[in-house]
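Worth knowing before you read on, the calculation uses all heavy atoms, side chains too, and leaves out hydrogens, waters and symmetry mates.
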Amino acid sequence: MVTFWMGNLAWGLGSILGAELVRDVYHVLAHVFSPLIRLHNWHHRVFRPDLTPVSEEIYRQAHWYNDVPEACVMLSFSLILLTIAHIYTPAQQGFALLGCLYTLSFLLSAIGRGMGIPNLDKLTDLTHTPGQFTSPPAPWMVNRTYHWRHHFDNQNAYFCGTFTVLDKLMGTALSLKGKTVAVTGASGTLGQALLFHLHSKGAKVLALTSGEQLLSLTVNGETIPLKTVTWQVGQEQKLTDLLQNVDILILNHGINVQGLRTEEAISQSYEVNTFSCWRLLELFLSTVRTNADIARKEVWVNTSEAEVGPAFSPLYELSKRTLGDLITLRRLDAPCVIRKLILGPFKSNLNPIGVLSPDWVAQQIIKLAQGDVRDIIITINPLTFIAFPIKEFWVSTYFKLFSRKPADVTATVNQ
């Protein structure tokens, strides 16, 4: 009996997920295959940046030329899957029929929108609904914010229609091309590696450093000077105007006092590793105001593996762990995506005995970010891959249960 129902569930979910995968593959092909490009271009002609249609006529035509053919391809796949189920597992073909019904609903709604049935778009075309975005791009399900980026950030990324799985696998869940990316700790080993690989992905990189020297990259033997901004811990407010025009802020600066436990070492560790990062984070989040900001802006925070394991440097561990918990708390109400970088021991000035290559670590960070991984774990310690998600889940749950949104606090005060 259990096997029977597991089989039914597999056919039911498989037919739906398979249809969605076919739709996403069709969408990808519509950006590379000329006959489909001509049809799909109608879809990209429809919307203004606020997601209002350019005209009712173009909106309707776009459904006949793009959405209806796309739904027909989905339905064809579902019918093939139903035929296979009918031949090999006739007892479970009823669940395989779910995919047909699912894709048929897409076809009928696309036809209805093409015919101009009043208000049907409000019920069936949710990712194109105009209005203020209420949340950042979702990690697993395509919401309005996620799909907006396909239209107005990079049309060669963000292909998925309902589930984001294919984008994650293809590395198109985050486009870096043309984005302004600022990296703190830019003169450090990891900072330099991040700048290099971000530049190679088409990002406009900006080096933030406490040093006075101008930084540069060497690409194919050519020296490329970087826009370098000098700043000091405690002077974060001076970066306010700069951060207005930054799309992605990578908080990578830090200090390791090794085994010291003096009053000065304690103060310095928390000031650099925790409070400076926190001030820059809040400063950057205050620049997130428009729909485009909510969709495009991100913060990546290097909290390190010290969040869940010993760093053999107690003050480094304590200050980074505090930062990690503050980021977990802030994520609950953040207006844009915040990623954590949980990094194991890479070789650097802070950790000269590190075993990982900083260049390789930087490549993995960017690769996983493009797959829209929100907690980027790179380490040689397999326990971290188990311990961190458990820790993050329970700490986040605790914060949700025993803290309130800013709006709730304001309402209480006003009463």
Side-chain angles (χ1 to χ4, degrees), residues 21 23-33 36-37 40-41 43-51 127-128 133 135-183 193-206 217 219 227 243-250 284 287-288 290-301 334-341 362-376:
L21 181 61
R23 174 162 72 153
D24 295 339
V25 171
Y26 178 92
H27 191 179
V28 174
L29 292 175
H31 282 263
V32 296
F33 185 50
L36 294 182
I37 290 175
H40 187 65
N41 280 345
H43 181 70
H44 284 284
R45 292 174 54 192
V46 175
F47 299 102
R48 302 184 182 94
D50 63 356
L51 292 181
T127 56
H128 297 113
F133 293 157
S135 61
W140 293 103
M141 299 287 291
V142 175
N143 58 1
R144 290 191 303 141
T145 322
Y146 187 101
H147 187 65
W148 181 94
R149 297 181 297 177
H150 177 67
H151 286 272
F152 304 107
D153 181 9
N154 185 350
Q155 293 185 6
N156 290 313
Y158 317 111
F159 295 109
C160 293
T162 300
F163 307 106
T164 64
V165 175
L166 186 64
D167 276 330
K168 289 178 180 292
L169 294 175
M170 292 174 57
T172 53
L174 171 66
S175 172
L176 295 170
K177 186 177 181 179
K179 283 191 169 69
T180 300
V181 184
V183 181
L194 283 169
L195 289 167
F196 178 86
H197 290 290
L198 287 165
H199 177 270
S200 70
K201 295 294 182 180
K204 302 173 184 176
V205 293
L206 177 60
L217 296 176
V219 181
K227 181 176 180 181
L243 294 179
Q244 300 283 347
N245 300 313
V246 169
D247 296 307
I248 299 176
L249 174 63
I250 302 180
F284 183 79
T287 70
V288 182
T290 67
N291 277 356
D293 292 335
I294 295 171
R296 287 170 56 89
K297 286 189 174 250
E298 295 193 4
V299 188
W300 304 1
V301 187
C336 67
V337 171
I338 300 179
R339 303 185 194 276
K340 281 189 177 185
L341 311 182
Q363 290 183 62
Q364 297 308 305
I365 289 172
I366 293 170
K367 178 181 177 181
L368 292 171
Q370 289 183 302
D372 201 21
V373 177
R374 304 292 170 95
D375 293 320
I376 297 174

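- Between Thr287 and Asp293 the shortest side-chain heavy-atom distance does not fall below 4.5 Å.
- Checked against His147 for a side-chain hydrogen bond (donor to acceptor under 3.5 Å, both in side chains), the options Arg144, His151, Arg149 give a single hit: His151.
- You'll find the side chain of Val165 stays beyond 4.5 Å of the side chain of Leu21, heavy atoms only.
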Criterion side-chain contact (heavy atoms from CB on, under 4.5 Å) on Leu368 and Arg339, from CA distance to verdict: CA-CA 10 Å; Leu368 292 171; Arg339 303 185 194 276; over 6 Å; no

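- A salt bridge does not link Asp153 with Lys177: every distance from a Lys NZ or Arg NE/NH1/NH2 to an Asp or Glu carboxylate oxygen is 4.0 Å or more.
- From Leu249, atom CG reaches atom CG of Leu243 across 6.0 Å, with rounding to the nearest 0.5 Å.
- Rounding to the nearest 0.5 angstrom, the gap separating the CZ atom in Arg296 from the OG1 atom in Thr180 is 8.0 Å.
- When atom types are taken as modelled, the side chain of His31 and the backbone of Gln155 share a donor-acceptor pair closer than 3.5 angstrom.
- Considering CD of Gln363 and OG of Ser200, their distance stands at 8.0 Å, rounded to 0.5 Å.
- Close placement of the Phe159 and His150 rings is indicated, their centers lying within 6.0 Å of each other.
- Checking each of Asp167, Asn154, Thr164, Asn156 against Thr172 for a side-chain hydrogen bond (donor to acceptor under 3.5 Å, both in side chains) leaves exactly one that passes, namely Asp167.
- No donor-acceptor contact under 3.5 angstrom links the side chains of His43 and His27, judged on distance only.
- Proximity of Met141 to Tyr146: side-chain heavy atoms (C-beta onward) are nowhere separated by under 4.5 Å.
- Between the side chain of Lys168 and the backbone N or O of Pro139 there is at least one donor-acceptor pair closer than 3.5 Å.
- The two residues Val373 and Asp375 make their nearest non-hydrogen contact at CG1-O, 3.2 Å.
- No side-chain heavy atom of Glu298 sits under 4.5 Å from any side-chain heavy atom of Lys179.
- Closest of all the heavy-atom pairs between Ser135 and Asn143 is OG-ND2, 3.6 Å.
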Working for side-chain contact (heavy atoms from CB on, under 4.5 Å), residues Ile365 and Trp300: CA-CA 10 Å; Ile365 289 172; Trp300 304 1; 4.0 Å; yes

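- With Tyr158 contributing its side chain and Ser175 its backbone, the two residues share a donor-acceptor pair below 3.5 Å.
- The main-chain N or O of Val246 is found under 3.5 Å from a side-chain atom of Lys297 such that the two form a donor-acceptor pair.
- Taking all atoms of both residues into account, the shortest heavy-atom contact from Val337 to Pro137 is CG2-CD, 4.0 Å.
- When side chains are defined from C-beta on, Tyr26 counts as touching Leu36, because their heavy atoms get closer than 4.5 Å.
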Candidate pair His197 and Lys367, rule side-chain contact (heavy atoms from CB on, under 4.5 Å), full reasoning: CA-CA 10 Å; His197 290 290; Lys367 178 181 177 181; over 6 Å; no

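- Pairing each heavy atom of Leu194 with each of Ile366, the nearest pair is O-CD1, 4.2 Å.
- Separation of atoms CZ (Phe133) and SG (Cys336) is listed at 14.0 Å; rounding is to 0.5 Å.
- Side-chain atoms of Phe47 and Phe152, non-hydrogen and from C-beta on, do get closer than 4.5 Å to each other.
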Working for side-chain contact (heavy atoms from CB on, under 4.5 Å), residues Leu217 and Leu195: CA-CA 8 Å; Leu217 296 176; Leu195 289 167; 4.1 Å; yes

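- Contact check for Asn291 versus Leu51: no side-chain heavy atoms found under the 4.5 Å cut-off.
- No side-chain heavy atom of Asp372 sits less than 4.5 Å from a side-chain heavy atom of Leu174.
- Electrostatic pairing of Lys204 and Asp247 does not count as a salt bridge here, judged by no charged N lying under 4.0 Å from a carboxylate O.
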